[in-house]
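Basis for what follows: all heavy atoms, side chains included, without hydrogens, waters or symmetry-related copies. Protein chains get the first letters and strands the later ones, always in sequence-line order, with residue 1 at the start of each.
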Amino acid sequence: MKTSQFFLNTLKDNPSDADLVSQRLMVRAGLIHKLGSGLFTWMPLGFRVLQKVEAIVREEMNRIGALQIVMPNVQPAELWQETGRWNDYGTELLKIVDRHERAYVFAPTHEEVITHIARGELRSYKQLPVCFYQIHTKFRDEIRPRFGVMRAREFLMKDAYSFHLDNASLAETYQKMYDAYTRIFTRLGLDFRAVEADTGSIGGAVSHEFQVIADAGEDALVFSDSSNYGANLEKAEALAPKNSPSVSQKTKELIHTPGKRTIKAVCEFLKLPETQSIKVLLVKGTENDMVALVLRGDHEVNPIKAEHHPLIAVPFTFADEKLVESKVGCAVGYLGPIGLTEKNIPVIVDRDAAVLTDFCCGANQVEYHLVNVNWQRDCPLGEVFDLRNVVTGDLSPDGNGTLVIKRGIEVGHIFQLGNKYSTSMNATVVDEKGQPVMMQMGCYGIGVSRTIAAAIEQHHDEHGIVWPTAMAPFQIALVPMNYHKSQRVREATDTLYRELQEAGFEVLLDDRNERAGVLFADMDLIGIPHRLVLGERGLDNGLIEYKARVAKEVQEVKLTDLMSFLDTILRVKHYIE
RNA sequence: CGGGGCAUAGCGCAGCCUGGUAGCGCACCUGCUUUGGGAGCAGGGUGUCGAGAGUUCAAAUCCCUCUGCCCCGACCA
């Protein structure tokens, strides 16, 4: 490809509305063009990158036997009413009406349609397991689209759905997907980790997220510093404390703490470490109007974990403050665990709060706190449950090492769905005995467009994008000096351009009549991994200049050795199982 | 949805307070010079000042309504 025949539209200025490096660079390099909030056109250069990622995803899906299809994005409302998601999905679901006033959705995901297909097309256990996938746009009416294609409303996704007779088969395909995802992100050249994830409202037992490690990531990830343990913050556990409270030698004491409503203020006032305090959160319950959650003062509640407790209402919601005051008799800020059970407020205690001795807490009395409080002696313990977010330095739940927290960008997510959709949509096959069996399902997504933004977050420098080889829109930038003035250079360049193309390299010849600086700057900005510069000086000596985008220094290569040189550094590295 | 802000050339912005010729930088087009890291000179404006209604002799500017976009927060697979 020659730049004169391509559409290279680079900008010097940063777009005013870009918050992330990747977003700025994608606009400046001319990869994308914004149409509206969360809506983007992929311009020719960006589309080439998109196709690179798609091709790798497709290869790896095909390798594990998944079958590509394309499903409609406009889907009848009836299917969504059948699973209940017409109402449950919330405002992210874009509903549309056609000229006959019939209701449709613009699909944010395709479980309904694929399950509809499966119940119609799959009849016998002999057809199972089977896995379909598509690479297609989705629309989610995000409350706040941001970060360019990272959190867009319309975006490109690979979604796969598998169908099984039993859970063992589902687990087998799930593992194949896990391995395929690992190969995909490895081939793409990304620094990523698979972490355990909460399955949330989608249900099912097992789920992993594939996360690209980047400071700009929206997700907090937890890893052990000395084992393979990894989970997102919602899911991550710490090792439960093994000790139990020691026997107290101190007497409980009521202390006047005027205006001290926060843990920080109370502990400073009492000259106690926050680790020696507890806090009480009152939240809405399922059976009671409120439930008390007790955590150590320095810890933070994890709403997702709390929602797993049957007494705690979903979604996690704090109890109304007025109700708290009328029922407990004091304002939030002076709450403590003593006497709550008697007021018909169940008490659920985090594991780390349950092992404290001589702690301080609110007295359930305005402007008073208690010190040297002890479980059992002063207050029944209540149920012990894991309620908190882990923090850096906690012990890894597998007993190996301590936990560290990093940021990540979620680029893939795999679920063992089980029979949630097959049940609500009655998708069965007959087994060996001719009996109908509800199919088990898995679903597996990759955010294709988001992956590209994630790659840039991870691979850029002050000059622009530094594409991992597998994603680059072109492999080689051929930059001639004085192409339009020097016939020698032009002829040598054109010859080399042909040879490179014939050798199978994707080469971008920058034949624009611009100054060298412009050519260099643009080739750096758009991140082509390898650059060849041909000028009269070099031709005199039979040399060409090579520079890797990642390298600081250039090197001279003999023109006669060029092909074998390129062959060595550019040899396509096929992933080896 | 709550709070805040913005909307003027393809992009980034000034002009608005105090009403009176539509501006700047980049980009773009023409010519000359230049040519190994975002060149210089000269010329060129490609605009429904987001939309509608209003005040006024006169509105980018003042008033009202609407729309779009951005930021913070809450929401969410």
Side-chain angles (χ1 to χ4, degrees), chain A residues 7-20 23-24 27-30 33-39 43 83 85 88-93 107-111 138-148 151 153 155 157 159 197-204 207 209 218-219 232 234-235 303-304 307 314-318 410-415 417 420-421 443-447 450 462-464 477 479-486 489 510 512-526 531-539 543-545 547 552 554 556:
Chain A
F7 183 77
L8 198 60
N9 234 10
T10 56
L11 297 173
K12 282 190 212 172
D13 291 332
N14 278 318
S16 65
D17 56 2
D19 303 306
L20 293 187
Q23 194 181 358
R24 286 199 285 272
V27 172
R28 283 190 50 209
H33 181 271
K34 181 171 153 176
L35 181 64
S37 180
L39 304 172
M43 299 301 283
T83 58
R85 291 211 290 184
D88 297 347
Y89 203 93
T91 47
E92 269 186 40
L93 183 64
T109 175
H110 284 69
E111 280 85 8
K138 297 267 183 288
F139 188 93
R140 294 183 186 172
D141 198 359
E142 294 281 348
I143 291 171
R144 189 141 91 83
R146 58 185 130 180
F147 304 145
R151 182 164 291 281
R153 293 196 293 175
F155 58 99
M157 184 172 180
D159 47 323
D198 191 89
T199 50
S201 59
I202 210 160
S207 174
E209 290 171 351
E218 294 187 272
D219 297 338
N232 69 20
E234 292 177 352
K235 170 86 174 177
I304 306 287
E307 285 174 359
V314 178
F316 179 92
T317 317
F318 283 105
E410 181 187 348
V411 291
H413 202 160
I414 57 178
F415 288 95
L417 277 180
K420 177 177 164 126
Y421 295 94
C443 75
Y444 319 91
I446 289 179
R450 177 185 281 187
E462 68 272 28
H463 301 297
V479 183
M481 295 294 101
N482 285 317
Y483 184 82
H484 293 264
K485 273 278 177 69
S486 161
V489 169
D510 201 344
R512 292 176 297 172
N513 189 9
E514 292 284 354
R515 298 168 68 86
V518 175
L519 308 186
F520 290 144
D522 274 348
M523 292 304 109
D524 283 350
L525 175 61
I526 67 175
R531 186 183 79 189
L532 294 170
V533 178
L534 198 54
E536 295 217 327
R537 243 175 20 216
L539 282 176
L543 294 173
I544 189 165
E545 179 189 296
K547 180 178 170 297
K552 287 209 165 53
V554 301
E556 305 263 83

Under 4.0 angstrom, heavy atoms only, what part of the nucleic acid is A:Asn513 near: base, sugar-phosphate, or nothing?
nothing
Who pairs with B:C76 - Watson-Crick or G-U, where each distance is under 3.5 Å:
none
Just call it for A:Ala516: base, sugar-phosphate, or nothing, with non-hydrogen atoms closer than 4.0 Å on any strand.
sugar-phosphate
Answer with base, sugar-phosphate or nothing: what part of the nucleic acid does A:Asn9 contact at a heavy-atom distance below 4.0 Å?
nothing
Roughly how many Å is it from CG in A:Asp522 to P in B:G38, rounded to a whole number?
12 Å
Okay, side chain of A:Glu556, backbone of A:Leu543: is any donor-acceptor separation there less than 3.5 Å?
no
Minimum-distance nucleotide to A:Leu11 side chain [options: B:G36, B:C11, B:A77]
B:C11
Give me the distance, rounded to whole Å, that separates B:U21 from B:C49 when you measure between the P atoms they each carry.
14 Å
Need to verify one output field. Residue with the more 5' nearest nucleotide on RNA chain B, A:Gly535 or A:Gly38?
A:Gly535
Which part of the nucleic acid, if any, lies within contact of A:Glu209, taking any heavy atom under 4.0 Å across all strands shown: a base, the sugar-phosphate backbone alone, or nothing?
base
Write down the distance separating the C1' atoms in B:G36 and B:G4, rounded off to the nearest Å.
49 Å
B:A14 and B:G23: how far apart are their C1' atoms, nearest whole angstrom?
7 Å
Across all strands shown, which nucleotide pairs with B:C66 by Watson-Crick or G-U wobble geometry, both distances under 3.5 Å?
B:G50
Within the modelled atom types, does a donor on one side and an acceptor on the other bring the side chain of A:Asn14 and the base of B:G12 under 3.5 Å apart?
no
Counting only N and O atoms by type, is there a donor-acceptor contact under 3.5 Å from the side chain of A:Asn232 to the main-chain atoms of A:Lys235?
yes
Check whether any side-chain N or O of A:Ser207 sits under 3.5 Å from a backbone N or O of A:Phe415 as a donor-acceptor pair, and report yes or no.
no
Applying a 4.0 Å non-hydrogen cut-off, can you work out what A:Arg144 is touching in the nucleic acid: base, sugar-phosphate, or nothing?
base
Any side-chain N or O of A:Lys12 less than 4.0 Å from the OP1 or OP2 oxygen of B:G12?
no
N/O (side chain, A:Lys34) to phosphate O (OP1/OP2, B:C70) under 4.0 Å
yes
From the set B:C70, B:U34, B:G38, return the single nucleotide nearest to any side-chain atom of A:Ala521.
B:G38
From the options B:A77, B:U34, B:G12, select the nucleotide whose nearest atom is closest to the side chain of A:His413.
B:A77
Side-chain N or O of A:Thr109 versus OP1/OP2 of B:A77: is the shortest distance under 4.0 Å?
no
Could you tell me whether A:Glu536 contacts a base, only the sugar-phosphate backbone, or nothing, with contacts defined as non-hydrogen atoms closer than 4.0 Å?
nothing
Nearest heavy atom decides the nucleotide; on that basis, is A:Arg531 or A:Gly36 closer to the 5' end of RNA chain B?
A:Arg531
Decide, for B:U30, between syn and anti: a glycosidic angle within 90° of 0 counts as syn, anything else as anti.
anti
Parallel under 30°, tilted from 30 to 60°, perpendicular over 60°: which one fits the rings of A:Phe316 and A:Phe318?
perpendicular
When we call it a touch if two heavy atoms are under 4.0 Å apart, what does A:Arg151 touch: a base, just sugar-phosphate, or nothing?
nothing
Can you check the A:Gln23 CD to B:C69 C1' distance for me, whole Å?
13 Å
Taking the P atom of each, how far is B:G10 from B:C28, in whole Å?
15 Å
Applying the 3.5 Å cut-off to both distances, the Watson-Crick or G-U partner of B:A60 turns out to be none
Between A:Glu92 and A:Arg153, does at least one N-O distance fall below 4.0 Å, as a salt bridge requires?
no
State plainly whether the residues A:Arg85 and A:Glu111 are in salt-bridge range, i.e. N to O under 4.0 Å.
yes
When both distances are under 3.5 Å in a Watson-Crick or G-U wobble arrangement, the nucleotide paired with B:C28 is B:G44
Applying a 4.0 Å non-hydrogen cut-off, can you work out what A:Lys138 is touching in the nucleic acid: base, sugar-phosphate, or nothing?
nothing
Using only heavy-atom distances, decide whether a donor-acceptor pair under 3.5 angstrom links the side-chain of A:Arg512 to the base of B:G38.
no
Closest to the A:Arg146 side chain: B:A27, B:C72, B:A39?
B:C72
Would you indicate what A:Val533 reaches in the nucleic acid, counting non-hydrogen atoms under 4.0 angstrom: base, sugar-phosphate, or nothing?
base
On a whole-Å scale, what distance lies between the P atoms belonging to B:U8 and B:C70?
14 Å
To the side chain of A:Ile143, which of B:G38, B:C72, B:C1 is closest?
B:C1
A:Leu20 CG to B:C70 P, in whole Å, measures 13 Å
What is the separation between atom NE2 on A:His33 and atom P on B:C11, rounded to the nearest whole Å?
7 Å
Taking atom C1' in both B:U18 and B:U61, what distance in whole Å separates the two?
10 Å
Which nucleotide, B:G37, B:C13, B:G38, lies nearest any side-chain atom of A:Asp524?
B:G37
Select one nucleotide: of B:A27, B:A77, B:U35, the one nearest the side-chain heavy atoms of A:Arg85.
B:A77
Between B:C24 and B:C69, how many Å separate the two C1' atoms, rounded to a whole number?
24 Å
Whole-Å distance between B:G38 P and A:His463 NE2?
12 Å
Would you call A:Lys138 and A:Asp159 a salt bridge, using N to O less than 4.0 angstrom?
yes
Mind calculating the distance between CZ (A:Arg28) and P (B:G38) to the nearest angstrom?
14 Å
Against the side chain of A:Met481, the closest entry in B:C76, B:C26, B:G36 is B:G36
Using Watson-Crick or G-U wobble geometry with both distances under 3.5 Å, which nucleotide pairs with B:U35?
none
Do A:Tyr483 and A:Arg512 make a side-chain contact, defined as non-hydrogen atoms from C-beta onward lying under 4.5 Å apart?
no
Please state the C1' separation for the pair B:A27 and B:U46 - nearest whole angstrom.
12 Å
Closer than 4.0 Å, any side-chain N/O of A:Ser37 to the OP1 or OP2 of B:C70?
yes
Just compare B:G25, B:C69, B:G36 and give me whichever is closest to any side-chain atom of A:Asp13.
B:G25
More than 12 heavy atoms of other residues, nucleotides or ligands under 6.0 Å from NE2 of A:His33: is that the case?
no
Checking N1-N3 plus N6-O4 or O6-N4 for Watson-Crick, or N1-O2 and O6-N3 for wobble, each under 3.5 Å, the partner of B:C13 is B:G23
The side chain of A:Lys485 is closest to which nucleotide in this list: B:A77, B:U35, B:G38?
B:U35
Any ion pair linking A:Arg28 and A:Asp13 (charged N to carboxylate O, less than 4.0 Å)?
no
Rounded to whole Å, please give me the gap between OH in A:Tyr483 and C1' in B:U34.
21 Å
Just to confirm, is there a sub-4.0 Å distance from OP1 or OP2 of B:C13 to any side-chain nitrogen or oxygen of A:Ser16?
yes
